[in-house]
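One is the number of the first residue; the rest follow in order along the sequence. Counting convention: from 1, in listed order, for ligands and their atoms alike. Treat the numbers as computed from the prediction; the structure is a model and nothing was measured.
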Amino acid sequence: MSESVRSPVWGMFAKQAAFIAALLFLLFFALATYSYHPDDAGWFYSGSGTPIQNSMGPIGAVIADVTSGFFGTLFYTLPPLFFWVAVILWRNPHSLLPINNTLLCTIGSILYLSFGSVLCFLHTVGEPTLPYGTGGVLGHGLGVILYGVIGYDGATLVSLALVLLSVTLLAQLHWLNLMDTIGEKTYQGFAYLRHQWQQRQEGKAQRDSDTFQPVSAETTSDARFIEDEEPAIVRKKRQIHTRSLVIEADEKPAEVEDTANADYSDDTASSDSTKTGLMAWLSKPFTAFKTKQNAELPHDHAEKEADFLMEDKPISRSSQRGDAEPDFGGLDNLSLDDDGDILVGDTLYIDEPWVESTPEKRPSTKPDSLSRQEADALLFGADPEPKSEPKQEFKPEPKPVPEPKPEPTPTAKPAPEPLMDVVAAQKPAFRTLSEAKQLDSLGGPYADEVENKRKVETYSLPDRSVLTKPKPKQGGYSEDELLALSELLEQRLQDFGVKADVVEVNPGPVITRFEIQPAPGVKVSRITNLAKDLARSLSVMSVRVVEVIAGKSTIGIEIPNQVRDTVYFSEVINCDMYDRATSPLTLSLGHDISGEPVVVDLAKMPHVLVAGTTGSGKSVGVNAMILSMLLKSTPDEVRMIMVDPKMLELSIYEGIPHLLTPVITDMKDAANGLRWSVDEMERRYKLMSKLGVRNIAGYNKKVRDAIEAGQPIEDPLWQPEMAMFSQDGVARTVPHLEPLPYIVIVVDEFADMMMIVGKKVEELIARIAQKARAAGIHLILATQRPSVDVITGLIKANIPTRMAFQVSSKIDSRTILDQGGADQLLGMGDMLYLPAGLPTPIRVHGAFVSDEEVHAVVEEWKLRGEPNYINDVVVNPEDLMSNDDSEDKDALYDEAVKIVIETRKASISSIQRRLKIGYNRAANLVEAMEAAGLVGPMGTNGQRDVLIPE
Ligand SMILES: Nc1ncnc2c1ncn2[C@@H]1O[C@H](COP(=O)(O)OP(=O)(O)OP(=O)(O)O)[C@@H](O)[C@H]1O
């Protein structure tokens with residue numbers, strides 16, 4: 001057995017042995033103490049000659065004699081004292097408080113024993129028969145001194161105060177907390193009594209009217225009312241201690257809100273945040289009211305998102321990591337009601353323009369209410385029809401009359417499903433609706449479903465079992481650690497002169513986010529500037545300060561976990577969200593800070609800039625994006641152009657059928673590739689305009705529909721003169737249009753391209769970035785040099801979606817994201833994802849893709865087909881257009897001549913077909929042959945003579 005395996009076992013064994021030994025000692029000591037007999041021979045007293053009566057024998061008698069002699073009557077309290085100290089130290093040996101727990105207990109015990117015995121001495125508490133009186137040696141000695149200095153009453157007062165202090169230290173009692181708790185319990189007691197009384201009244205009324213109502217709406221509202229008014233501290237602790245799975249089955253009646261509105265005025269403003277303890281509790285109803293009011297005001301989108309998050313009824317994301325995980329607070333304030341509609345607090349969000357209605361405004365009849373799928377569809381832009389539904393075929397049988405769906409009675413309500421299951425089964429696992437919208441707006445895979453009928457391809461997708469299975473998670477901080485860390489964070493901020501309370505904790509697989517509420521007047525920049533000092537004082541690698549959390553007035557402090565969990569690619573790919581996404585360009589990036597998969601759509605980004613220092617995980621991130629597409633789409637749906645100046649990272653993909661051209665390693669070829677893409681983009685635009693569609697999805701739909709209807713569309717760009725050069729010289733029929741694949745251009749290090757080719761690349765990138773979205777051409781540009789000469793203003797302006805991995809300086813972070821933050825990332829795939837149009841980036845822990853996984857998927861694809869390269873991609877059309885020395889410039893000239901010699905026909909179309917090149921290039925080749933005297937000029941019949949002897 002290896003050392004690393006053995007040591008935790010031994011550690012555990014030693015801990016168990018220490019526990020048993022301590023328990024034995026405590027028992028022995030307690031029995032010796034409580035069977036103390038004054039006649040027993042001990043340390044101070046030689047005994048009366050009678051046999052020892054102490055149940056622990058002579059040793060027990062000596063121990064009891066010593067302790068009773070020294071501490072007096074107080075010695076009876078020694079066993080519980082020791083027990084208590086042991087419990088404290090056992091529970092939290094390495095206190096994260098400023099003073100070590102052991103030290104606290106020691107000081108507390110000394111104070112208690114010293115001044116407790118003084119009190120016993122002064123007031124003769126207990127048996128006067130003890131050898132050194134009721135105060136013992138200690139109480140007597142100290143008591144006499146105190147009495148001499150401050151008199152009898154003074155000594156009593158001082159001793160009493162110090163004993164109280166010792167209790168505070170030993171019990172680690174917070175007097176304000178105690179008051180809070182007492183107040184809370186009293187209040188809850190009253191609320192409970194009131195509730196009982198109301199129930200009884202209702203029961204009476206029901207008995208009178210002889211009608212049965214199973215669930216009292218007021219019961220629910222009362223329960224919520226109590227919950228809403230919990231003291232802040234208690235709520236904080238509860239948030240950390242419990243992760244209850246709550247689905248609000250019943251809707252809150254309007255009158256409760258009205259009552260709340262009537263009862264409370266909203267003049268508490270922002271000072272809520274500064275109130276703690278009892279004050280916070282007292283001010284809680286006001287806060288609740290304000291929040292509710294905000295949620296109901298008609299705002300613009302951003303404010304509505306904010307209002308979502310203001311509501312803080314906890315609905316936890318999942319119970320995956322046990323019941324004791326902290327609550328995700330406002331971020332998870334998403335529930336599904338009985339009908340499957342999405343509820344945020346009490347507000348139903350049913351439409352993209354954020355049409356909202358309160359439950360009472362909703363139509364109550366089933367057919368009019370939104371189904372879960374419809375809500376999904378409206379929120380995420382998905383087609384309400386289930387995607388997997390098989391194509392409708394004509395069936396001769398008469399249509400069955402649909403059975404009337406029984407209306408669920410209130411009593412027959414199904415038990416609420418756990419939220420995770422519901423979310424997983426019904427909709428993408430966005431942590432919040434606002435996040436869903438954020439991602440969706442840029443490309444949530446549910447947004448545009450024009451192309452929802454996926455072609456049944458000859459290709460099958462690779463089996464995902466080739467991916468590495470995820471290892472069990474180690475987990476982040478324990479509950480106690482989270483509580484202690486919250487307090488330590490508050491303390492450290494206080495040390496730096498910032499007063500703030502931790503109001504919510506969101507633990508994740510890699511980092512834990514503490515949300516703090518700064519006192520009024522504290523500038524967020526002050527806290528941001530403290531990031532490094534905080535990291536040092538908390539002894540962690542780095543701390544990131546999230547200045548703005550959408551919809552909240554809090555500030556996020558992200559602290560790395562002690563043990564970091566790896567996010568495996570198989571985890572992020574085997575998720576419902578990825579599976580349900582219909583876009584061929586669906587990318588599974590990794591997990592967000594709470595461990596939810598982040599799945600986005602490249603088609604909606606529509607281009608992405610990836611930057612980060614060397615070793616930050618860029619290449620792994622780019623591989624994850626490429627594999628996401630390779631596991632989702634066939635070569636008929638997505639084709640790729642890969643540019644890899646390092647000749648290491650992307651060359652691994654050489655030979656997969658998705659490639660349009662072999663992986664480009666020469667930067668001149670790369671620039672030509674971009675030029676070809678611009679031409680292709682223009683061609684696609686022309687095609688789309690001829691067909692009267694606005695984007696590639698619409699184009700493909702129209703083309704497919706036409707093919708399915710048996711009336712394929714003729715190529716509108718086809719010109720009759722093209723046929724003149726056909727092999728046999730006879731005009732062929734007009735070719736039909738085929739669906740166009742998306743084209744993804746992946747550049748692993750585009751700084752090289754910028755350096756070697758220069759400004760031209762920048763212009764080409766800008767041209768593609770500006771227009772290619774509709775044409776289905778998308779860019780993934782990665783660089784490890786996030787400097788302004790690489791990520792220029794022109795490129796930044798045209799590529800709004802950014803992915804920043806760890807960088808070395810704030811300046812680099814600003815170059816990529818226009819804000820700091822990437823310099824505080826942890827490396828190894830930790831990234832900030834800034835979707836287009838969003839002010840704040842989302843932290844994503846990138847999925848880890850090993851080389852073996854990439855190899856496995858590449859091999860799977862190689863088995864499925866050969867790449868069908870287009871030679872034109874890496875050729876500069878300007879070179880072809882120039883007449884001078886064209887044969888020198890075109891690498892295919894010799895091959896073209898060979899074909900002419902073999903076939904004895906100088907046909908442009910045959911060269912085009914045989915060499916898989918475009919019309920222009922083939923025509924140029926033939927003209928070059930004519931210039932070289934190999935073929936004659938075009939005759940009247942459209943044919944050329946071959947002048948090369950046979
Ligand atoms: N998501 C991740 N999870 C865990 N480890 C990762 C992750 N991403 C990257 N790493 C680790 O970081 C190392 C460097 O990653 P990668 O090669 O992608 O960095 P890079 O930024 O592309 O560097 P370079 O620019 O030098 O190629 C990897 O070998 C891997 O060990």
S.K.: Would Ser616 count as a contact of ligand 1 if the rule is a heavy atom under 4.0 Å away?
M.R.: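 Contact present.
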
S.K.: With a cut-off of 6.0 Å (strictly less than), are more than 12 heavy atoms of other residues, nucleotides or ligands near NZ of Lys646?
M.R.: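 Above 12, so yes.
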
S.K.: Identify the closest protein heavy atom to atom 17 (O) of ligand 1: which residue and atom is it, and at what distance?
M.R.: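 Scanning the protein heavy atoms, the shortest distance from atom 17 (O) of ligand 1 goes to Ser619 CB, 4.1 Å.
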
S.K.: Determine whether the side chain, the backbone, both or neither of Thr613 has a heavy atom under 4.0 Å from any heavy atom of ligand 1.
M.R.: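 For Thr613, the contact with ligand 1 is made by the backbone alone.
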
S.K.: Do Glu680 and Ile777 come close enough that some side-chain heavy atom pair is under 4.5 Å?
M.R.: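 Yes, side chains in contact.
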
S.K.: Does Lys618, backbone or side chain, put an N or O under 3.5 Å from an N or O of ligand 1?
M.R.: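 Yes - when backbone and side-chain N and O of Lys618 are compared with those of ligand 1, one distance drops under 3.5 Å.
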
S.K.: Would Gly621 count as a polar contact of ligand 1, with the cut-off being nitrogen or oxygen pairs under 3.5 Å?
M.R.: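 No.
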
S.K.: Would you say Lys646 contacts ligand 1, with heavy atoms under 4.0 Å as the rule?
M.R.: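 The answer is yes, since Lys646 has a heavy atom less than 4.0 Å from ligand 1.
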
S.K.: Taking Arg864 first and then Glu860, would you say they form a salt bridge - that is, a charged N and a carboxylate O separated by under 4.0 Å?
M.R.: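 Result for this pair is yes, salt bridge flagged.
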
S.K.: Quick one: look up the protein heavy atom nearest atom 30 (C) of ligand 1 and list residue, atom name and how far away it is.
M.R.: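 Closest protein heavy atom to atom 30 (C) of ligand 1: Phe848 CE1, 3.7 Å.
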
S.K.: May I ask whether atom 5 (N) of ligand 1 is less than 4.0 Å from at least one protein heavy atom?
M.R.: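 It does; a protein heavy atom is within 4.0 Å.
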
S.K.: Identify the protein heavy atom lying closest to atom 24 (P) of ligand 1, giving its residue, its atom name and the separation to 0.1 Å.
M.R.: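 I find the closest protein heavy atom is Thr614 OG1, 3.5 Å.
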
S.K.: Using heavy-atom distances only, which candidate in Met828, His591, Glu649 approaches atom 8 (N) of ligand 1 most closely?
M.R.: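 The nearest heavy atom belongs to Met828.
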
S.K.: Among protein heavy atoms, which lies nearest atom 14 (C) of ligand 1, and at what distance?
M.R.: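 The protein heavy atom lying closest is Gly615 O, 3.7 Å.
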
S.K.: I'd like to know if the side chain of Asp748 reaches the main chain of Asp644, judged simply by a donor and an acceptor atom lying under 3.5 Å from each other, with no hydrogens or angles considered.
M.R.: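 Side chain of Asp748 to backbone of Asp644: no pair is present.
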
S.K.: May I ask you to say whether Asp812 pairs ionically with Arg785, meaning some side-chain N is under 4.0 Å from a carboxylate O?
M.R.: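 Judged by the 4.0 Å cut-off on N to carboxylate O distance, Asp812 and Arg785 do not form a salt bridge.
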
S.K.: Using heavy-atom distances, let me know which of Gly617, Ala847, Ala782, Gly846 sits nearest atom 19 (O) of ligand 1.
M.R.: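 Among Gly617, Ala847, Ala782, Gly846, the closest heavy atom to atom 19 (O) of ligand 1 belongs to Gly617.
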
S.K.: Quick one: are the ring centres of Trp861 and Tyr459 less than 6.0 Å apart?
M.R.: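 Close enough - the centres of the two rings lie under 6.0 Å apart.
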
S.K.: Just checking, any donor-acceptor pair under 3.5 angstrom between side chains of Tyr568 and Asn574?
M.R.: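 Side chains of Tyr568 and Asn574: no pair found under 3.5 Å.
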
S.K.: Using a strict threshold of under 4.0 Å (side-chain N to carboxylate O), is an ion pair present between Asp818 and Lys796?
M.R.: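 Here Lys796 pairs with Asp818 in a salt bridge, since their nearest N and O are under 4.0 Å apart.
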
S.K.: Salt bridge check: are Asp823 and Lys532 linked by an N-O gap of less than 4.0 Å?
M.R.: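 No salt bridge links Asp823 with Lys532.
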
S.K.: Purely on distance, is any nitrogen or oxygen of Gln784 under 3.5 Å from one on ligand 1?
M.R.: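 Yes, there is a polar N/O contact under 3.5 Å.
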
S.K.: Nearest to atom 18 (O) of ligand 1, what protein heavy atom do you find, and at what distance?
M.R.: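 Heavy-atom neighbour on the protein nearest atom 18 (O) of ligand 1: Val620 N, 2.9 Å.
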
